[in-house]
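Structure record follows, encoded as structure tokens.
What you see below is based on every heavy atom in this structure, not just the backbone, and it leaves out hydrogens, waters and symmetry mates. Convention: sequence-line order gives letters A, B, ...; per-chain numbering from 1.
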Amino acid sequence: MTEHVRVRFAPSPTGNLHIGGARTAIYNWAFARHHGGEFILRIDDTDKERSTDENTTQILRAMRWLGLDWDEGPEVGGDAGPYYQTQRGKFYAEALETLKANGHAYPCFCTPEAIEAKREAARSESNFWGYDRTCRSIPRDEALARAKAGEPHVWRVKVQDELGDITINDAIRGEVSWPVNVMDDFILVRTDGSPTYMFATVVDDWKMGITHIIRGDDHLSNTPRQIAVYQALEAEIPTFAHMGLIFGADGKRLSKRHGATSVESYAEEGYLSEALLNYLSLLGWSIDETTTLFDRERLIAEFDLARVSNNPSVWDPEKLEWMNGVYIRELGDEGLAQRMVPWLIEAGLLDAERAADRHEWLLELAPLISERVKTMSEIAPMVTFLFADEIVIDEASREKVLAKEGAGRSLDVAAQLLEALDEFSAEAIEAALRSIHEITGVKAKIAFQAVRVAVTGTAVSPPLFESIALLGRERTLARIIAARPSSAL
RNA sequence: GGCCCGUUCGUCUAGCGGUUUGGACACCGCCCUCUCAAGGCGGAGAUCACGGGUUCGAAUCCCGUACGGGCUACCA
């Protein structure tokens with residue numbers, strides 16, 4: 001059981017890294033780290049039509065953003081490379097030679113049309129139809145000669161029925177078995193000489209020494225056929241682990257229709273990678289009955305395939321949002337002050353060169369917003385009033401708050417009091433504004449709301465006194481004065 | 001059609017023969033309070049898909065049914 005672990009994540013660059021793939025990557029990564037083994041990244045780019053370098057770049061970027069470092073793969077190399085399937089042609093060719101030599105594969109000269117016709121016929125009787133092994137009975141010498149002569153052919157695996165039913169001991173589901181007779185002699189190498197997925201993936205996993213294949217449930221049904229390839233290759237069969245898929249709220253496989261699905265889109269929306277990692281880890285896995293928050297060290301320490309659930313789970317954006325809020329608060333003032341800088345720059349509120357000068361100020365801002373935002377992208381809209389020279393007062397708030405009895409007088413008095421303050425601190429500002437009630441008889445809450453709308457432009461804002469302190473006396477007074485009813489004309 | 005897999009609060013899950021089915025998100029109420037949040041306390045929410053067994057005893061084991069999903073390609 002002290003076997004050295006090697007696992008892989010093999011995304012296809014036909015799109016960017018999505019939520020489901022990311023979770024598969026996380027589980028493989030955590031498993032490797034837990035066991036001190038290797039986590040390998042392989043790019044399954046055999047679909048030349050749809051694969052792009054841009055997608056590969058995005059996948060690598062998203063992996064790094066999530067903190068999923070790989071021991072072998074693109075950009076880091078490794079002894080089992082290359083790590084792009086399109087560069088591994090010689091391994092497939094070698095493997096085919098092995099199968100020709102041991103007789104576990106044979107050339108098939110049936111035309112696609114002929115096969116399709118037979119399949120149609122079978123389908124009309126609603127029966128299973130696998131390849132009927134026509135070419136399996138061609139004498140070996142003759143078959144090889146015809147293939148060599150250039151007659152169009154594919155290579156099929158000679159399924160070894162004598163080996164009996166196929167059974168795996170899935171690390172997540174336990175024992176699963178299939179009758180051999182549901183498998184036909186499927187194609188390994190196409191007419192054009194390229195390997196099929198079923199062949200390429202097995203050859204790669206074999207050549208790369210993969211010990212555990214942790215993947216989505218959708219591959220469970222492919223497993224017996226892959227095992228047939230391992231058997232043909234006389235290769236050692238790895239341990240399989242199939243986890244349930246991630247679905248949308250409607251129970252369908254997660255897709256664009258369910259909103260953002262790519263990891264990068266979550267990064268762009270202001271989700272913290274540690275929060276996404278935590279949430280995704282928990283979608284189909286658990287530490288115990290109560291733990292929901294944990295960091296990557298804990299994930300590595302606790303990760304266990306036996307605790308991965310085998311049923312599909314539904315993607316819950318609200319829970320992710322909640323969790324992201326937790327992580328933002330856990331950043332602390334210093335952490336949040338630093339992390340929010342790019343978001344403020346992006347929003348045009350902060351000058352990239354001057355960000356460092358504003359650090360102290362941002363440090364004071366951090367606690368005002370940390371418990372009010374769930375994503376980083378919510379910060380800028382919330383604090384725009386602190387950066388802008390002038391603000392526009394929200395009409396609804398103006399009507400609801402500033403039109404109230406006593407609001408106007410409160411603003412007049414507030415302006416006088418704030419102007420007279422010696423020290424423009426949150427404490428002093430609060431004391432001053434609280435005295436409006438004694439002076440005017442206007443309820444404190446009404447006065448505060450009036451000042452809030454005048455200063456921030458809306459009826460909902462970060463804490464008022466602290467915000468005013470950060471805004472500064474000059475801009476505060478200008479806004480209060482501008483908001484007075486008498487200034488309205 | 002055939003072969004596989006799955007089914008515990010709306011959602012994520014804990015449970016692995018004996019617990020009042022535990023926790024989290026969301027929801028509701030109260031407290032705190034300068035708005036909004038955050039936080040604290042409490043509440044509601046699950047005939048464990050259904051039907052048969054096995055057993056002194058089943059959410060847990062077995063069989064069947066229903067529903068959902070996957071595979072059944074010279075796609076991956």
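- Nucleic acid contact for A:Thr14: none, since no nucleic acid atom lies under 4.0 Å from a heavy atom of the residue.
- For residues 447-465 of chain A, no residue pair satisfies the salt bridge (charged side-chain N to carboxylate O under 4.0 Å, His left out) rule, not counting sequence neighbours.
- At whole-Å resolution of the value, CZ in A:Arg225 and C1' in B:A73 are 9 Å apart.
- With values rounded to the nearest 0.5 angstrom, A:Phe294 atom CZ is found 7.5 Å from A:Leu277 atom CG.
- On the P atoms, B:U19 is 34 Å away from B:C27, given to the nearest whole Å.
- Rounded to a whole angstrom, the distance from the C1' atom of B:U7 to that of B:U47 is 16 Å.
- When the P atom is used for both B:G6 and B:U13, the distance is 14 Å, rounded to whole Å.
- A donor-acceptor pair shorter than 3.5 Å can be found between the side chains of A:Asp185 and A:Tyr106.
- Summarising the base pairing, B:A26 is matched to no nucleotide, lacking a Watson-Crick or G-U wobble pair whose two defining distances lie under 3.5 Å.
- Salt bridge annotation for A:Asp288-A:Arg307: absent, with no cationic side-chain nitrogen under 4.0 angstrom from a carboxylate oxygen.
- For A:Ser309, the listed nucleotide lying nearest its side chain is B:U13; candidates were B:U13, B:G6, B:C3.
- Using a 4.0 Å heavy-atom criterion, one finds that A:Gly284 contacts the sugar-phosphate atoms exclusively.
- Between the side chain of A:Thr191 and the base of B:C74, a donor-acceptor pair under 3.5 Å is found.
- Counting non-hydrogen atoms under 4.0 angstrom, A:Met323 reaches nothing in the nucleic acid.
- Side-chain nitrogen and oxygen atoms of A:Thr196 include none within less than 4.0 Å of the OP1 or OP2 phosphate oxygen of B:C74.
- Across all strands shown, B:U21 has no partner, as no Watson-Crick or G-U wobble contact with both distances under 3.5 Å is found.
- For B:C3, the paired nucleotide is B:G70, the pair qualifying as Watson-Crick or G-U wobble because both relevant distances are below 3.5 Å.
- Using atom C1' as the reference point in both B:A66 and B:C50, the two lie 7 Å apart (nearest Å).
- Taking the P atom of each, B:C3 and B:A73 are spaced 16 Å apart, rounded to whole Å.
- Residue A:Asp217 contributes atom CG, which lies 6 Å from atom C1' of B:G70 at whole-angstrom precision.
- One atom, CE of A:Met243, and another, P of B:G6, lie 15 Å apart when rounded to the nearest Å.
- In terms of position on RNA chain B, the residue among A:His153 and A:Ser286 whose nearest nucleotide sits closer to the 5' end is A:Ser286.
- Heavy atoms of A:Ser177 sit under 4.0 angstrom from primed sugar atoms or phosphate atoms, though from no base atom.
- A:Asn55 and A:Thr52 share a donor-acceptor pair across their side chains, judged by distance under 3.5 Å alone.
- Proximity of A:Arg50 to the phosphate of B:A76: no side-chain N or O atom is located under 4.0 Å from OP1 or OP2.
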task = Assign a letter to each nucleotide of nucleotides 19-38 of chain B from its 5' end: B, base within under 4.0 Å of a protein heavy atom; S, sugar-phosphate only; -, no contact.
result = ---BSBSS-------BBBBS
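- Nucleic acid contact for A:Ile187: base, since at least one base atom lies under 4.0 Å from a heavy atom of the residue.
- Spacing between B:G52 and B:U60 at atom P, rounded to whole Å, works out to 14 Å.
- One interatomic measurement links the two molecules: CG of A:Asn311 to C1' of B:G15, which rounds to 13 Å at whole-angstrom precision.
- At a threshold of 4.5 Å between non-hydrogen side-chain atoms, the residues A:Glu321 and A:Tyr279 do not count as touching.
- In this structure, CD of A:Glu116 is placed 9 Å from P of B:A73, rounded to the nearest angstrom.
- Taking atom CG of A:Leu280 as the reference point, atom C1' of B:U11 lies 16 Å away to the nearest angstrom.
- Residue A:Ser221 has its side chain nearest to B:C71 when only B:C74, B:C71, B:A76 are considered.
- Nucleotides B:G69 and B:U11 are separated by 15 Å at their P atoms, to the nearest Å.
- Taking the C1' atom of each, B:U8 and B:A58 are spaced 14 Å apart, rounded to whole Å.
- Across all strands shown, the partner of B:G64 is B:C50, judged by Watson-Crick or G-U wobble contacts whose two distances both fall under 3.5 Å.
- A salt bridge is defined here as a Lys NZ or Arg NE, NH1 or NH2 lying under 4.0 Å from an Asp or Glu carboxylate O, and A:Lys374 with A:Glu378 fails to meet this definition.
- In this structure, CD1 of A:Ile246 is placed 17 Å from P of B:G69, rounded to the nearest angstrom.
- Rounded to an integer number of Å, the gap from CG of A:Asn310 to P of B:G6 is 5 Å.
- Checked against B:C4, B:A76, B:G6, the side chain of A:Pro312 finds its nearest nucleotide in B:G6.
- The existence of a salt bridge linking A:Arg146 and A:Glu151 is confirmed by a sub-4.0 Å separation between a basic side-chain nitrogen and an acidic carboxylate oxygen.
- At the heavy-atom level, A:Val314 lies under 4.0 Å from the strands shown only through sugar-phosphate atoms.
- Contact annotation for A:Arg307: backbone-only contact, meaning every heavy-atom pair under 4.0 Å involves sugar-phosphate atoms and none involves a base.
- Side-chain contact check for A:Thr476 versus A:Phe424: some heavy-atom pair is nearer than 4.5 Å.
- Pairs passing the salt bridge (charged side-chain N to carboxylate O under 4.0 Å, His left out) check and including a residue from residues 169-181 of chain A, sequence neighbours excluded, read A:Arg173-A:Asp217.
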